Amino acid sequence: ARATAPAGDLAGRRIVVTAGGTREPLDPVRFLGNRSSGRQGVAIADAARARGAEVTLIAANLEVDEPAGCDVRHVSSAEELRAAVRAAAPGADVVVMAAAVADYRPAAVSEQKLKKDDSGDGLTLELVRNPDILAELGHEPHEGTVLVGFAAETEPDDERLLEVARAKREAKGCDLLVVNRVGWSEGFGTPDNAVMMIGASGEVVTRVNGDKLSVAHGILDMVV
Ligand code: CTP
Ligand code: CA
């Protein structure tokens, strides 16, 4: 992969990219979150703009700078991200779900800051499922929109990783699935990335590695 853009091959196209990680509020000062920095999603937004696309970036708690020249919509929770995606996706040529969306949220959000309870030494939180935004889009008719999902997996074995990825693409109904391995030190917040992409019939369509901008261009090459 390369970090330079093939000029203009996304000119006149509209692309929606989600990036970052959602935060699910518990009370006015606390949330459940994840380690996604938003770096890979921001790189995709940046790369798409450089290739001539009109870019809407749905940004969830980014830990990196926002790219220039994009229409940025700020969200925090999965519900907010869902609403922003549903508003921006109709008519888009490409939707890239690079954000790490929380699978669960606290069942109740306290209006007041929660106080600790001295009657026991533990605390049990009740969580409820969040909507699966990618699967919703994937299971609606989306002709004319290339839908790209991401899967961050901790599976160490390559064959197993592919099996998990194929099952996930199928379950989500997306056109392309970008798979990368994550761990305590790999994937999140790091400058480099190594990914595989799975196509609609489960085949590996490309492998790209390098800095996140090069990986972004490799992903967009497949989208184009
Ligand atoms: N995703 C989503 N909405 C959710 C959860 C995930 O749109 N509530 C999207 C992510 O943005 C990503 C893809 O689905 O593009 C895969 O996310 P991942 O967490 O790997 O998949 P899950 O189906 O949640 O599976 P797992 O149980 O492995 O977390
Ligand atoms: Ca998940």
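Please read all numbers here as calculations on a predicted model, not as lab measurements. We count ligands from 1, going down the list as the structure has it; atoms in each ligand are counted the same way.
With 3.5 Å as the limit, one finds no donor-acceptor pair spanning the side chains of Glu126 and Thr124. Between Asp117 and Ser119, the side chains place a donor N or O and an acceptor N or O closer than 3.5 Å (distance only, hydrogens not considered). A donor and an acceptor atom, one from each side chain of His142 and Asp175, are located under 3.5 Å apart. Residues Glu79 and Asn130 bring no donor and acceptor atom of their side chains to less than 3.5 Å of each other. For Glu203 and Ser201, the side-chain atoms include at least one donor-acceptor pair closer than 3.5 Å.
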Under 3.5 Å, N/O to N/O: give me all the pairs between ligand 1 and the protein, one per line with atom names and distance.
from: ligand 1; atom 1: 3 (N); to: Ile133; atom 2: N; distance (Å): 3.1
from: ligand 1; atom 1: 7 (O); to: Ile133; atom 2: N; distance (Å): 3.4
from: ligand 1; atom 1: 7 (O); to: Leu134; atom 2: N; distance (Å): 2.8
from: ligand 1; atom 1: 8 (N); to: Pro131; atom 2: O; distance (Å): 2.8
from: ligand 1; atom 1: 11 (O); to: Met97; atom 2: O; distance (Å): 3.3
from: ligand 1; atom 1: 11 (O); to: Ala99; atom 2: O; distance (Å): 2.8
from: ligand 1; atom 1: 14 (O); to: Lys172; atom 2: NZ; distance (Å): 3.2
from: ligand 1; atom 1: 15 (O); to: Met97; atom 2: O; distance (Å): 2.7
from: ligand 1; atom 1: 15 (O); to: Phe150; atom 2: N; distance (Å): 2.9
from: ligand 1; atom 1: 15 (O); to: Phe150; atom 2: O; distance (Å): 3.3
from: ligand 1; atom 1: 20 (O); to: Lys168; atom 2: NZ; distance (Å): 2.7
from: ligand 1; atom 1: 21 (O); to: Lys168; atom 2: NZ; distance (Å): 3.2
from: ligand 1; atom 1: 23 (O); to: Lys172; atom 2: NZ; distance (Å): 2.7
from: ligand 1; atom 1: 24 (O); to: Asp103; atom 2: OD1; distance (Å): 2.9
from: ligand 1; atom 1: 25 (O); to: Lys168; atom 2: NZ; distance (Å): 3.2
from: ligand 1; atom 1: 28 (O); to: Lys168; atom 2: NZ; distance (Å): 2.9
from: ligand 1; atom 1: 29 (O); to: Asp103; atom 2: OD2; distance (Å): 3.2

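The heavy-atom pair separating Val128 from Ala107 by the smallest distance is CG1-CB, 3.9 Å.
Residues meeting the side-chain hydrogen bond (donor to acceptor under 3.5 Å, both in side chains) test with Glu63, sequence neighbours left out: none. Every residue two or more places apart in sequence or in another chain that forms a side-chain hydrogen bond (donor to acceptor under 3.5 Å, both in side chains) with Arg82 is listed here: Glu136.
Inside a sphere of radius 3.0 Å centred on the Ca ion (ligand 2), the protein N/O/S atoms present are Asp103 OD1, Asp103 OD2.
Going from atom CZ of Arg39 over to atom CG of Asp211 covers 11.0 Å, rounded to the nearest 0.5 Å.
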